[in-house]
Structures are given as C-alpha cells and as structure tokens.
There are 2 protein chains.
Amino acid sequence: MSTIVSLNKALTEFYDKMASWESSVVRESEYSLAQIHTLEVLGNYGAMNMKSLANQLGITTGTLTVQVEKLVKLDLVKRQHSEDDRRSITVALTEAGQAIHEHHNALHLSLTEDLSKDFSEDERHTLMALLNKVNQEF
Amino acid sequence: MSTIVSLNKALTEFYDKMASWESSVVRESEYSLAQIHTLEVLGNYGAMNMKSLANQLGITTGTLTVQVEKLVKLDLVKRQHSEDDRRSITVALTEAGQAIHEHHNALHLSLTEDLSKDFSEDERHTLMALLNKVNQEF
DNA sequence: ATAGATAACTTGATTGTCAAAGTAAATGTC
DNA sequence: GACATTTACTTTGACAATCAAGTTATCTAT
C-alpha cells in the first residue's frame, strides 16, 4: 500500500477518534457539543465576527445567530458592534466563557500528554512540525 | 512554549480544519453529515453491530436505530441478525453504500495528497508512522 | 427456574440545522 | 449625490439529529 494511502488512513483514523473523544467529553459537561465547539474556536483563534465564526464552525450564519443568542444569555460570550463597519458584530468570550474554554483546553492538553506519553521529545517535536506544515496547506 | 502545548495546538487545529472540510464536502452531497459518517465508519472498519457502531460514531444506540432505518430505506446499508447472539444485529454496507463510501474516500485521499504535496516521501512516512502511534494510544 | 445483564428499539422532548426571505449598512457606478 | 449592488447579520419555518428513559427479547450466571 502506498505511503499516501497509509497516511490518509492515519489522518482519517485520528480525526474519527478525536471526534469520538470530543463527543464523550462534552456529553459529561453541562453544555452541548455545538456550544463547546463555539467557545473552543473563540478561545483558540480569538474574537471574530459572525461570518468568520460560522465559517470556522462549518455552519451558516443563520444557525450561528441562534447559537450565539443562547451563549449570550448564558453569559459565555458577548457581542460588540464593530466601529469601522456597523453591520459587523464581533463575538468574544466573557470571563465565564474564557474559564470554560480553559477547562476544556486542559482536557485536550491532558489527552495530548496521554497520546504522546511514549514519545521522545524529538518525536513530539517532529510530529508537531509536520502537522503544522499540514495545517498551513488547508 | 513547551513542545506538548505546541503539539496539542497542532493536533486541535488539524482536527478543527478536518471537521470544517468534512462538513463543506458533505454539504455538497445529497446525504447528511451523520449519514456519510456512518457509511465512512462501516467502510473503514467493516461491518459491525449496533453497539460498536454507535460507540464509534459517538451517539446512542437509540439515535443510531433511527439513522440506520433511514439508510436501510435508501438501500445504503443492510441489517443481518447474528447467529450466535440473536439480540445482536450486524450492520453492513450494501453495494450502493460501498460505492458512496469509495467516492467519499477518494475525496479524502485527494485532500491528503493536497495537504502533503510539499512533503518528501520520508516526511510522509514519518508523519504516518507517528500518527499511527498516536492512534494506538486512543 | 429465575434474576440480572445486555442489545436493540420506541417515544417524547429538545436542540441543531438549513434555505429563503428580510433588514440595515457599506460600496460601486453613473 | 442618487441608486443599484453587495455584504453582514437576523428571522422564520420546516426538518433532521440527538438524548434520556422506558420496553422487549435474548443471553448468562447462579
């Protein structure tokens, strides 16, 4: 089997397992997958407008409007009108939202520690570097 | 920043981008994300019973029963009663389901080719090997 | 036998989703 | 500057996905 096919399998399998892990972790929390995912993107990439956020999440802005509305009511995110473009709305984490993101991120970090527990420091670094190269191509 | 934190970021970012790619690819098809994902798991890991499949997909068997029902009506999967355990039902792809899986898999392969287009054969191989090591730990 | 565990299914309530249409603001063109 | 077009977001209506809890059938252990 060619390297590219094996690589494809490995990437796909990792994606599947990550999705499965994510959904089981989220199910134990009091928030939904969609909600945690939204907080996660805002925490990892910083505040952004509705369009970018919807794009990151892979949903329409219509769906996102409803989602953000709920998060605002839960005091997890806040909306800020942009000054240069009054149509645009920047969505940002509140302190409470930031706290939830940090907690969720700690779970991710602990997973990463687990997954790479038998790696040498070199191997970790190599995997990280290669993944970053992949991520840039996306 | 420590290697483990960078590695965590890289893994998370890859997962996010993959999820986003998957949802945009699926939106262009006539099937839903949940449906394609089900076919994908059956295609990649082979036929399995309801419990294993639900577990792989990260959903309850109750949800899966409904989902499989739709796929059976669409003639994409079939149910087979297990012989050793009459409670158990094995879900398998039909020929039509297999065809859709193969088409979807081709898209994945083409993505992998794209993402690793600037990689040497050595780099591809290293990334594949490290990912497989990660996958085994899950 | 029979009690308990397991695999799948059913049901009811909730949430997530899109497409399409609507509003308000910015941009381009004449 | 007026007006058409584009852009950013929201609203609405219909439908799909999901879970939790309860049910049925079957298996396992005692």
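Scope of the values below: all heavy atoms of this structure, side chains included, with no hydrogens, waters or symmetry mates.
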Between D:dA8 atom C1' and A:Asp84 atom CG, what is the distance in whole Å? 13 Å
Send over the distance from A:Ile89 CD1 to C:dA25 P, rounded to a whole Å. 11 Å
Nearest-neighbour nucleotide for the A:Ile59 side chain, C:dT17, D:dC19, C:dT15 considered: C:dT17
What's the closest nucleotide to the A:Ala34 side chain, out of C:dA8, D:dC9, C:dG16? C:dG16
Distance below 4.0 Å between A:Thr63 side-chain N/O and C:dC18 OP1 or OP2: yes
If you assign B:Arg27 and B:Ser52 each to the DNA chain C nucleotide with the nearest heavy atom, which residue ends up on the more 5' nucleotide? B:Ser52
Between B:Asn55 (CG) and C:dT6 (P), how many Å, whole number? 14 Å
Counting the atoms with a prime plus P, OP1 and OP2 as sugar-phosphate, which does A:Gln67 contact under 4.0 Å by heavy atoms, base, sugar-phosphate, or nothing? sugar-phosphate
Once you apply a heavy-atom cut-off of 4.0 Å, does A:Thr65 come out as touching a base, just sugar-phosphate, or nothing? base
pair B:Glu22-A:Tyr15: side-chain heavy atoms closer than 4.5 Å: yes
A:Gln80 CD to D:dC9 C1': how many Å, rounded? 16 Å
B:Ser116 side chain to B:Arg124 side chain, donor-acceptor N/O pair below 3.5 angstrom: yes
Over how many whole Å does the gap from A:Tyr31 atom OH to C:dG16 atom C1' extend? 18 Å
Whole-Å distance, B:His81 NE2 to C:dT6 P, equals 21 Å
With sugar-phosphate meaning primed atoms plus P, OP1 and OP2, does A:Thr61 contact a base, only sugar-phosphate, or nothing at under 4.0 Å between heavy atoms? base
Mind checking whether B:Leu39 and B:Tyr31 have side chains closer than 4.5 Å, heavy atoms only? no
Please determine if A:Lys117 and A:Glu113 form a salt bridge, counting it only when a charged side-chain N lies under 4.0 Å from a carboxylate O. no
Nearest to side-chain heavy atoms of B:Arg87, which nucleotide of C:dG16, C:dA5, D:dA17: C:dA5
Output yes when a side-chain donor or acceptor of A:Arg79 lies under 3.5 Å from a complementary backbone atom of A:Val68, and no otherwise. no
In whole angstroms, the gap separating P of D:dT11 from CD of A:Glu69 amounts to 7 Å
Hey, which sits more toward the 5' end of DNA chain D by its nearest nucleotide, A:Asp85 or A:Gly62? A:Asp85
Does a side-chain heavy-atom distance below 4.5 Å link A:Glu40 with A:Asn105? no
Write down the distance between CG (A:Leu33) and P (D:dT18), rounded to a whole number of angstrom. 10 Å
Taking only the side-chain heavy atoms of A:Asn49 (C-beta and beyond), determine which of D:dC9, D:dA20, C:dA19 contains the nearest atom. D:dC9
Looking at B:Arg86, does any N or O in its side chain come under 4.0 Å of the phosphate oxygens OP1/OP2 on C:dA7? no
Please determine, for the side chain of B:Met50, which listed nucleotide (C:dA7, C:dC9, C:dA26) has the closest atom? C:dC9
Hey, does A:Ser88 reach any base, or is it just sugar-phosphate, or nothing, if we go heavy atoms under 4.0 Å? sugar-phosphate
